[in-house]
Participant: 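Mind looking over this structure? Questions follow.
A note on names: the letters A, B, ... follow the listed sequences, proteins ahead of strands, and every chain is numbered from 1. What you see is a predicted model, and the numbers here were worked out from it, not measured in a lab.
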Number of protein chains: 2
Amino acid sequence: MTQKQEQLSKNQQIVLSIIEKAKGPLKAYSILYNVQKRGIKAPLQVYRALEKLIEIGKIHKIESKNAFIACKNSDCEISKATAFSICNNCEHVKEIKNTKLSKYLSNFEDNSGMKYKKYNLEFFGLCKDCKLKQ
Amino acid sequence: MTQKQEQLSKNQQIVLSIIEKAKGPLKAYSILYNVQKRGIKAPLQVYRALEKLIEIGKIHKIESKNAFIACKNSDCEISKATAFSICNNCEHVKEIKNTKLSKYLSNFEDNSGMKYKKYNLEFFGLCKDCKLKQ
DNA sequence: ATAACAAACGTTATATTATAACAAATTAAG
DNA sequence: CTTAATTTGTTATAATATAACGTTTGTTAT
C-alpha cells in the first residue's frame with residue numbers, strides 16, 4: 001500500500017495558499033510578512049516551503065523577478081517546462097498555456113543535436129491594458 | 001556630425017574584458033574580486049558597468065544563475081532575444097544561436113493574440129560531455 | 001573655447017534575496 | 001514500536017543588488 005506523499009505539510013499549505021490567493025507573483029519576503037501571523041517567523045521556513053512547492057509543480061519561480069506564482073497550468077509536467085508573459089509597465093505576469101509552443105520547445109534541438117526536457121521562457125512586452133493606455 | 005556613443009568607459013571596458021575572457025558566466029562579486037587590482041572597489045561600480053553592457057547587448061544575464069556572460073551572437077538585436085542551454089551537472093552555459101528558434105519566438109502570438117519583442121529562454125539538461133560520463 | 005547638459009564615477013551605507021548549520025519534533029512505513 | 005525520512009524552529013550569516021550623495025568627465029551647440 002505504498003502511497004505517494006501527496007499531503008502538503010502545514011507550512012507548505014500556508015505558503016501555497018498565500019501564493020494562490022495573490023493576483024500576481026509574490027516575493028519571498030512579502031510572503032514571509034504575510035504569514036507571520038500564522039506562526040512562520042523566519043525566511044528559511046518560507047524558502048523551504050517554496051522549494052518543495054516548486055519541486056512538485058504547484059508554483060513556479062519567475063527568475064527575472066525573483067518572485068513566485070501559482071501554477072495555473074494543470075498539464076505542465078511537474079514544472080519542467082514553463083513560459084510566462086511579463087508586462088514591462090504594470091508588471092503583470094501570466095503563465096502561457098500553449099500546446100504548440102510547449103511542443104516546439106520540448107522538441108527543439110540545438111545545433112549540436114541536443115534536446116532539453118526542462119526550460120523556462122519569459123516574454124516581455126506591454127500587456128493589452130497598458131498598450132491601450134499609452 | 002552627431003556621433004553615436006560607441007566608446008565604452010574605462011570601468012565598462014574593464015568589466016567587459018573580464019567577462020569576455022571567462023570560460024563561463026561570471027557572478028557580479030566574482031567580477032568585483034577580479035577587478036579590484038584595476039581600481040574598481042565597490043559593487044556599484046560593477047553593477048553600473050553590467051547594466052550598461054547589458055543595455056548595449058555586449059553581455060547577457062543568466063537569470064537562473066545571477067551571472068553574466070559575453071554575447072557571442074553578433075546578430076542578437078541589442079540583446080532583446082536570448083536563449084541559452086545550461087548543463088545541470090557541470091553548469092556549462094552556451095548561448096543558442098538558431099535562426100529558426102529566434103524567428104519562432106519573435107513571431108509567437110499568445111492565446112490573446114499578443115506578440116513580444118523581447119524574451120529570455122533558458123534550457124536545462126546535460127551537456128554532451130556530462131551525458132557521456134554518466 | 002566654453003557653457004550647458006548628460007553620462008559616468010567614487011563612496012558610504014543599506015536593502016533585498018537566499019542559505020548554512022544544528023537540534024528538536026513530526027510523520028510514514030516496516 | 002522503531003527506524004528512517006521529512007519537516008520544523010532558530011540563529012546567524014552569505015550573496016546579490018540598490019539608494020543617495022556629490023564629483024568628475026565627456027559631448028554638443030554656440
Participant: Let me know the distance between OH of A:Tyr47 and C1' of C:dA18, rounded to the nearest Å.
Facilitator: 5 Å
Participant: To the nearest 0.5 Å, what is the distance between SG (B:Cys87) and NZ (B:Lys94)?
Facilitator: 11.5 Å
Participant: Can you confirm whether A:Lys97 sits close enough to A:Lys72 that some side-chain heavy atom of one is under 4.5 Å from a side-chain heavy atom of the other?
Facilitator: no
Participant: Any side-chain heavy atom of B:Ile62 within less than 4.5 Å of one from B:Phe68?
Facilitator: no
Participant: Nearest-Å distance, CD (B:Glu51) to P (C:dA8)?
Facilitator: 10 Å
Participant: Should the pair B:Lys58-B:Glu20 be classified as a salt bridge under the 4.0 Å nitrogen-to-oxygen rule?
Facilitator: no
Participant: Residues from residues 29-42 of chain A sitting under 4.0 Å of DNA chain D, heavy atoms only?
Facilitator: A:Lys41, A:Ala42
Participant: Mind checking B:Lys65 for me? I need base, sugar-phosphate or nothing, with any heavy atom below 4.0 Å counting as a touch.
Facilitator: nothing
Participant: So how far off straight is the helix from C:dA1-D:dT30 to C:dG30-D:dC1, going by the axes through five pairs at either end, to 10°?
Facilitator: 50°
Participant: Taking OP1 and OP2 of D:dG9, is either one under 4.0 Å from a side-chain nitrogen or oxygen of A:Lys10?
Facilitator: yes
Participant: Side chains of A:Ile31 and A:Val15: closer than 4.5 Å at any heavy-atom pair?
Facilitator: yes
Participant: Take the protein atom CG of B:Asn11 and the nucleotide atom P of C:dC9, then report the distance between them rounded to whole Å.
Facilitator: 4 Å
Participant: Check the distance between C:dT26's P and A:Gln7's CD and give it to me in whole angstrom.
Facilitator: 17 Å
Participant: Do the side chains of A:Lys65 and A:Glu91 get nearer than 4.5 Å, heavy atoms only?
Facilitator: yes
Participant: Roughly how far, to the nearest 0.5 Å, is CD1 of A:Ile54 from NZ of A:Lys61?
Facilitator: 7.0 Å
Participant: If you check the B:Ser9 side chain, which of C:dA8, D:dT8, D:dA17 turns out closest?
Facilitator: C:dA8
Participant: Can you tell me how far P of D:dA15 sits from CD1 of B:Ile62, to the nearest Å?
Facilitator: 21 Å
Participant: With ring centroids as reference points, do A:Tyr119 and A:Phe108 lie under 6.0 angstrom apart?
Facilitator: no
Participant: Counting only side-chain nitrogens and oxygens, does B:Lys61 get under 4.0 Å of the OP1 or OP2 atom of D:dA17?
Facilitator: yes
Participant: Whole angstrom is fine here: how far is it from CG in A:Leu44 over to P in C:dC22?
Facilitator: 14 Å
Participant: OP1 or OP2 of D:dA15 sitting under 4.0 Å from any side-chain N/O of B:Asn66?
Facilitator: no
Participant: Could you state the atom-to-atom distance from CG of B:Leu50 to P of C:dC9 in whole Å?
Facilitator: 12 Å
Participant: To the nearest 0.5 angstrom, please state how far the CD atom of B:Glu51 sits from the CG atom of B:Leu53.
Facilitator: 10.0 Å
Participant: Can you tell me the distance, in whole Å, between the CZ atom of A:Arg48 and the C1' atom of C:dA23?
Facilitator: 12 Å
Participant: If you assign A:Gln45 and B:Phe68 each to the DNA chain D nucleotide with the nearest heavy atom, which residue ends up on the more 5' nucleotide?
Facilitator: A:Gln45
